[in-house]
Amino acid sequence: MTSRRIVATGTFDILHPGHLFYLDESKKLGNELFVIVARDANVKHKPHPIIPEDQRLAMVAAMKPVDHAMLGDQTDMFLPIEKIHPDVITIGFNQMFDEETLSRQLAERGLTPQIVRIGKFPGDDLCSSRLVVQRIITKRGHDHHHPGEREHEP
């Protein structure tokens, strides 16, 4: 059987069930899942990541559906895709890519993967890093320490 390579991309800042759903659904489309984790410097379309890129990469690499995880290129987002040469590129439901524009840009570089948009995680409302951060601020933003708690207990 020939390998069917899938590429999924994202920031993966604070991991949540929506990320796992996206990667599980992506993996179902092939048998080798490559995940490209956005570089800190390249995240310009939303707030800067809370978790540094090397830690985000380590967390994504440890996820069960992921076969290969790598950081994106700092200047050319298509370089890793040229190296991987995927059969399919998946896009998350809330990622700001236009499928037709992306297909055209890839074709200009001799790449013709199928583009598949993965649907929204059907679970609770904590399926975005932004919503997780908002929940943390709402629930814990006021009590940085509990009474009697010390910063660095053994």
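Because the structure is predicted, anything quoted here is derived from the model rather than measured. Heavy-atom basis, side chains included; hydrogens, waters and symmetry copies ignored.
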| request: Keeping the roles fixed (side chain from E53, backbone from D40), state whether a donor-acceptor pair exists under 3.5 Å. | output: yes
| message | Looking at R117 and G92, would you say the former's side chain and the latter's main chain have a donor-acceptor pair under 3.5 Å? | response | yes
Considering non-hydrogen atoms only, spot the tightest contact between [X] and [Y] and give its length.
X	Y	answer
R4	L29	NE-O, 2.8 Å
I91	Y22	C-CE1, 3.7 Å
L15	M63	CD1-SD, 4.0 Å
M70	P80	SD-CB, 4.4 Å
R56	P49	NE-CB, 3.7 Å
I118	E25	CG2-CB, 3.7 Å

| query | Is the H68 ring parallel, tilted or perpendicular to the F34 ring (thresholds 30°, 60°)? | reply | parallel
| side-chain contact (heavy atoms from CB on, under 4.5 Å) between D87 and Q114, worked out | CA-CA 6 Å; D87 300 289; Q114 177 185 3; over 6 Å; no
Do [X] and [Y] share a hydrophobic cluster (ILVMFWY, side-chain heavy atoms under 4.5 Å, transitive)?
X	Y	value
L111	L102	yes
L131	I137	yes
L23	F121	yes
V66	V37	yes
F21	M59	yes

| note | Which of L33, V116, I84, N31 passes side-chain contact (heavy atoms from CB on, under 4.5 Å) with I6? Answer is L33
| said: Using the side-chain contact (heavy atoms from CB on, under 4.5 Å) definition, which of the options I115, I89, T9 pairs with F97? | reply: T9
| field | Under-4.0 Å salt bridge between K27 and D67 | value | yes
| said: Whether K83 and D73 form a salt bridge (side-chain N of Lys/Arg under 4.0 Å from carboxylate O of Asp/Glu) is what I want to check. | reply: no
| query | Quick one: are V35 and F12 in side-chain contact, heavy atoms under 4.5 Å? | reply | yes
| message | So V132 and D13, do their side chains get closer than 4.5 Å, heavy atoms only? | response | no
| query | Does the pair T101 and R104 meet the rule for a side-chain contact (heavy atoms from CB on, under 4.5 Å), with working shown? | reply | CA-CA 5 Å; T101 302; R104 188 180 71 254; 3.8 Å; yes
| note | In this structure, CZ of R39 is separated from OG1 of T75 (nearest 0.5 Å) by 10.0 Å
| note | Here the gap from N42 atom CG to T11 atom OG1, rounded to the nearest 0.5 Å, amounts to 9.5 Å
| request: Apply the test side-chain contact (heavy atoms from CB on, under 4.5 Å) to residues L79 and R109: give CA-CA distance (whole Å), side-chain angles for both, the deciding distance (0.1 Å), then the verdict. | output: CA-CA 10 Å; L79 275 182; R109 296 175 81 142; 4.2 Å; yes
